[in-house]
Structure formats: structure tokens, C-alpha cells
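Below you'll find the structure, written out as C-alpha cells, and then a few comments.
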Amino acid sequence: MNRLLPGLVLSVLVVPGPLAAQVPSQLSLEEALAIARTRNPAYLRAIAQSDASGADVRAGFGGFLPDLSASLSWSGNSRTIITGEDDFGQPVRLPDPLTFRSSSAFQSVSSSLVLFDGLRTLNSWRAARAGADAAAAGVAYEAAAVRAEVERRFYSALQARRLIEVEEQLLEISRQQLDATQRLFRVAARTEVDVLGAQVQVSQQEQELARARGEARKAVLSLAEQIGLEQDADFEVVGELPTPFDPSNLDQDSLLARSIGQNPRLGRAAADAAQASFSASAARGRRWPTVSARASFGRNVSLSSYDAVFQLNPQDRSFGFGVDVQIPLFTRFQTSLAVAQAVAQERIAAETLREAELLLDRDVRSAFIDLQTAHRRLQLAQQAVDFSRRRLTMAQQQYQLGTIGFTEFQQIVTSASQDARSLISAELEFARAAVTLEELVGGRVRP
């Protein structure tokens with residue numbers, strides 16, 4: 001399991017808190033990731049759990065050390081009697097009451113050490129270490145998940161802003177079309193129906209622009225929620241999408257091999273399985289005898305007065321030692337229950353690990369297919385946009401010359417609009433597919 005952790009923990013970077021409180025007006029991807037590492041609740045929750053696991057490891061190692069305790073005690077007593085016995089053993093009243101006083105002081109140091117317990121202490125310590133590894137893997141898992149989700153939402157915000165620019169360009173084209181239609185109408189080259197159709201197209205495009213601006217604001221709010229900002233999301237995302245690359249240069253088998261060694265989710269499942277295995281071994285050790293050694297040293301004094309109270313240097317001394325052996329003959333089936341439960345958890349953790357391996361294999365293969373599909377779609381979308389631009393330019397000229405009708409020109413404009421939006425969607429889909437594959441592999445796959 002330890003071989004998994006170095007690659008995982010490299011992604012767990014903690015940035016000082018003051019940075020998170022200062023959100024720039026223009027937010028880059030690196031700044032968003034830095035804020036998320038100090039503000040995202042899921043990531044901070046994983047760190048808190050990992051910090052607590054260190055105490056479990058120390059407590060497990062403490063089982064190898066001897067117990068040591070010291071005690072100090074002082075006591076005082078007073079007893080007054082008013083009755084006694086005569087020469088014949090009969091009770092009589094004393095002429096004067098008698099008072100007896102006594103005091104004592106006691107100091108001791110004792111220690112005990114378990115010599116053999118069926119390897120329960122050793123396996124419990126190993127289980128605690130595996131639990132700490134699982135907690136560290138959980139931190140790495142949350143760090144990778146937070147990073148991937150921040151990237152996806154950041155790219156969505158970028159593309160939402162780009163879509164606004166596209167819709168503004170399309171609105172400008174619609175207005176130019178309206179102006180051209182009105183000019184042609186004045187010279188009787190177009191009908192009033194064409195003018196009304198151009199006005200409707202401008203109105204529809206204004207609606208599309210308003211919708212795009214609303215979606216852009218929602219994308220910024222989604223990003224702010226992921227990085228853990230409570231205040232209003234008053235910032236603008238800046239940057240560019242990663243440069244597209246040809247996924248055919250990637251080797252699927254190499255990606256699968258990397259994911260087995262680097263995927264944080266699989267690393268956490270492996271640590272959980274190791275912890276369950278050690279816990280089961282520790283439970284089996286309850287069937288073995290327990291051998292322990294003990295030793296003690298004490299000092300005390302007893303006086304027939306109160307002089308021993310708070311005396312710090314009593315002179316009477318005692319020393320003792322021994323070896324204890326406890327054999328579990330019958331525990332009312334509690335040991336069998338503990339072993340059965342621990343073994344069941346071991347089997348569950350092992351199957352969970354195998355399931356995680358199968359899911360990871362499927363997810364990596366699926367993500368690789370999605371990346372290839374997104375790349376092909378991006379190529380086709382880019383070709384479609386290039387053709388649409390040329391077609392639209394020629395159609396504008398023909399429409400102004402009156403060689404094509406309004407309906408035909410409107411269809412060309414609508415097709416060009418759809419192609420432009422499809423390109424924006426294809427670029428975002430490819431970027432998100434690359435992020436998803438990198439999240440599963442546990443590292444960068446982009447050149």
C-alpha cells in the first residue's frame with residue numbers, strides 16, 4: 001500500500017488561509033484550485049479525518065510499551081471511646097473518654113508489560129497504520145476529485161462566456177439581416193413578411209443572448225460553490241481551454257497500468273482491505289493466552305498520630321514483581337463473535353477492493369472511448385463551422401443582391417448558429433473528457 005501513497009500525496013497541497021479570503025476580480029484556474037484547497041468542505045473534512053488517524057497509530061504503537069503509574073496517598077483517623085470492660089468482661093462506662101489517633105502515608109510506582117497476546121498488539125498497530133494510509137488516500141482522493149470538478153466547472157464557465165460572444169455575433173448578423181431586408185423592402189425587392197421575419201429573428205436572438213448570459217452567471221455560481229466561497233460570486237473567469245490533442249497517441253494499456261498504481265479511489269480501497277485483514281488477525285489473537293509481567297515499588301509509614309499526613313519521605317519500603325498468565329477458557333462466545341465479525345469485514349473489504357478494480361478498469365476504458373469520441377466530434381464540429389462561415393458569407397452577399405430568398409437565407413443563418421454552438425459544446429466536451437480520464441488515471445495524460 002505504501003507504494004501508492006507518494007504519488008497520491010503529491011497532489012495534497014495546503015495553501016495558507018488568507019489567500020482563500022481574497023478572491024480576485026479575474027479568477028484563473030490556478031487561483032481557483034488554490035482557493036478550493038483551503039475552502040472546499042469535502043477536502044477539509046478528509047484532512048481532519050487524516051489528522052485524527054495519527055492518534056490511532058500512536059495508540060497502537062503504545063501497546064508495545066509498558067504501563068507505568070504512580071500513586072500518592074495520605075490518611076488520618078481519630079477514634080474516641082467512652083465505654084470499656086471491667087475485670088470480668090462486663091461493659092462499663094469510662095470515667096474519662098479515650099481518643100486514639102493514627103495516620104499513614106503511602107507512595108508507589110507500578111508497571112506492567114504484555115509479553116505475549118497472540119500478536120493482537122502487533123496486528124492492531126498494523127491495522128492502525130493501514131487506517132492512516134486509508135485516511136491519507138482519502139485526502140488524495142478528495143484532492144483529485146476536487147481538482148477535477150473545479151477544472152470541469154471552470155471550463156464550463158469559460159465556455160459559457162465564449163457562448164455569450166458567439167450569441168452577440170449572431171445577434172449582430174441578425175441585425176444586419178434586418179437592415180438589409182428593410183433596404184430591399186424599400187426598393188420592393190422584399191415583402192413586408194420578410195421584414196417581419198427578420199424582426200422576429202432579431203428578437204429570438206436577443207432571447208438567446210439573454211439565456212446565454214444567465215447560464216454564464218449560473219456557471220460562475222457553480223464554480224464558487226465548488227471552491228467553497230460563501231460570499232457572492234463577484235469575479236470573472238479568465239484563461240483558455242487546454243489545447244486539444246489527438247488521443248490516438250495514448251496507449252490504453254499504459255493508462256490502465258498507471259491507474260492501478262495512482263488512482264486514489266483504488267488506493268483507499270486497498271488500504272481499507274489491509275486494515276480489515278490486520279483487524280481480523282488481531283481478533284483471532286483473542287483465542288491465545290495473554291502473558292504479562294508486572295513490578296511495583298512502594299514506600300509507606302504508619303504513626304499513632306497525625307504526623308504521617310503529607311509526609312513526603314516515608315521510610316518503610318516494599319518491592320514486588322510477578323508474571324501473570326490469562327487463558328481464555330470460556331468467554332460466552334464473545335471471542336467467536338468478534339472473530340466472525342472481523343473475518344466478515346475482511347471478506348467485504350477484499351470484495352470491495354476487487355469491485356473497485358473492476359470499476360476502475362471499466363471507467364478508464366469508457367473515459368478513453370469518450371475522449372476519442374469527443375476528439376472526433378470536435379474535428380467534425382470545426383469543419384462544420386468552417387464550411388458554415390464560408391456559406392454564410394456568400395449567402396449574405398447573395399441576399400443583399402436579391403439572388404436568394406429570405407427563407408433560404410434564414411435557414412443558412414440558423415444552420416450557422418447551430419454549428420457555432422455545437423463547436424462550443426464540442427470543445428467543452430473534449431476538455432471535460434480529458435479531465436475525467438486524468439482523474440481516473442491519477443495523473444496528467446495531456447502532452
Side-chain angles (χ1 to χ4, degrees), residues 26 154-220 236-246 373-433:
Q26 292 186 328
F154 186 87
Y155 294 151
S156 296
L158 279 179
Q159 291 305 82
R161 190 188 65 184
R162 281 196 58 198
L163 186 59
I164 292 176
E165 297 174 358
V166 170
E167 298 297 347
E168 289 175 344
Q169 295 173 1
L170 294 175
L171 178 60
E172 180 62 26
I173 293 175
S174 297
R175 288 172 175 170
Q176 293 175 0
Q177 178 186 356
L178 175 60
D179 293 339
T181 304
Q182 290 174 338
R183 288 195 304 269
L184 293 174
F185 174 72
R186 286 192 292 269
V187 296
R190 287 288 182 268
T191 65
E192 187 176 359
V193 173
D194 295 337
V195 175
L196 292 175
Q199 291 174 340
V200 170
Q201 178 61 28
V202 171
S203 177
Q204 291 176 345
Q205 189 55 48
E206 288 176 343
Q207 295 178 38
E208 289 295 326
L209 178 58
R211 184 190 62 81
R213 288 172 175 169
E215 292 298 325
R217 289 195 296 269
K218 288 167 60 177
V220 171
E236 178 184 3
V237 294
V238 293
E240 299 292 337
L241 263 67
T243 304
F245 61 93
D246 188 358
T373 303
H375 181 259
R376 181 56 180 164
R377 183 192 170 196
L378 178 59
Q379 290 179 319
L380 296 175
Q382 185 62 61
Q383 291 178 1
V385 167
D386 293 339
F387 294 146
S388 294
R389 287 174 180 170
R390 294 170 56 187
R391 183 187 181 195
L392 181 60
T393 300
M394 292 186 291
Q396 284 177 316
Q397 297 173 355
Q398 293 175 353
Y399 182 75
Q400 293 175 358
L401 295 175
T403 57
I404 63 174
F406 175 80
T407 302
E408 182 180 358
F409 179 68
Q410 186 60 40
Q411 292 175 347
I412 295 175
V413 172
T414 302
S415 177
S417 302
Q418 293 175 349
D419 291 337
R421 297 186 185 106
S422 296
L423 178 60
I424 297 292
S425 176
E427 291 174 342
L428 177 60
E429 180 183 350
F430 182 83
R432 291 171 67 92

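One is the number of the first residue; the rest follow in order along the sequence.
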Query raised in the report: Just by modelled atom types, is the Ile424 backbone N or O under 3.5 Å from a matching donor or acceptor in the Gln159 side chain?
Result: yes

Query raised in the report: Between Ala157 and Ala219, which heavy-atom pair has the shortest distance, and what is it?
Result: CA-CB, 3.8 Å

Query - Any Val193 side-chain heavy atom under 4.5 Å of Leu196 side chain - result: no

Requested in this report: Take atom CZ of Arg211 as the centre, draw a 6.0 Å sphere, and report whether it contains more than 12 heavy atoms from other residues, nucleotides or ligands.
Outcome: yes

**Report entry** Test: Glu206 and Arg175 ion pair at under 4.0 Å
**Finding:** yes

**Report entry** Audit row: Ser425, Arg421, side chain to side chain contact (heavy atoms under 4.5 Å, CB included) steps and yes/no
**Finding:** CA-CA 6 Å; Ser425 176; Arg421 297 186 185 106; over 6 Å; no

Requested in this report: Look only at the side chain of Thr181 and the backbone of Gln177, and say whether a donor-acceptor pair between them is shorter than 3.5 Å.
Outcome: yes

Query raised in the report: Taking the side chain as C-beta and beyond, is there a heavy-atom pair between Ser388 and Gln418 under 4.5 Å?
Result: no

Query raised in the report: Atom CD of Glu408 and atom OG1 of Thr403: how far apart are they, to the nearest 0.5 Å?
Result: 8.5 Å

Report summary line: Separation between CD (Gln383) and CG (Asp386), nearest 0.5 Å, reads 8.0 Å

Report summary line: Given the options Gln169, Gln410, Gln199, Gln201, Ser174 meets side-chain contact (heavy atoms from CB on, under 4.5 Å) only with Gln201

Query raised in the report: What class does the angle between the rings of Phe430 and His375 fall in, given that below 30° is parallel, 30 to 60° is tilted and above 60° is perpendicular?
Result: tilted

Query - Atom pair CD (Glu427) and CG (Leu163), whose distance is rounded to the nearest 0.5 Å - result: 11.0 Å

Query raised in the report: Can you list the residues that meet the side-chain hydrogen bond (donor to acceptor under 3.5 Å, both in side chains) rule with Arg190, with sequence neighbours excluded?
Result: none

Requested in this report: From the options Glu168, Glu167, Glu208, select the one residue that forms a side chain to side chain donor-acceptor pair (under 3.5 Å) with Arg213.
Outcome: Glu168

Query raised in the report: Between CG of Asp419 and OG1 of Thr414, what distance do you get to the nearest 0.5 Å?
Result: 11.0 Å

Requested in this report: Looking only at non-hydrogen atoms, find the nearest pair between Val166 and Ala420 and report the distance.
Outcome: CG1-CB, 3.7 Å

Query - Closest non-hydrogen atom pair, Gly239 against Leu158 - result: O-CD2, 3.6 Å

Query - Non-hydrogen side-chain atoms of Asp179 and Gln182 separated by less than 4.5 Å - result: yes

Query raised in the report: Roughly how far apart are Glu215 CD and Ser156 OG, rounded to 0.5 Å?
Result: 10.5 Å

Requested in this report: Report the residues that fulfil side chain to side chain contact (heavy atoms under 4.5 Å, CB included) with Gln411, sequence neighbours left out, ordered by chain and then residue number.
Outcome: Thr407

**Report entry** Non-hydrogen atoms of Arg161 and Val237 that approach each other most closely
**Finding:** NH1-O, 2.5 Å

**Report entry** Tyr155 to Pro242 - nearest heavy-atom pair and separation
**Finding:** OH-CG, 3.2 Å

Query raised in the report: Taking atom CD1 of Ile412 and atom CD1 of Ile173, what is their separation to the nearest 0.5 Å?
Result: 12.0 Å

Query raised in the report: Any side-chain heavy atom of Leu428 within less than 4.5 Å of one from Arg162?
Result: no

Requested in this report: Please name the pair of heavy atoms, one in Val202 and one in Leu171, separated by the smallest distance, quoted to 0.1 Å.
Outcome: O-CD1, 3.8 Å

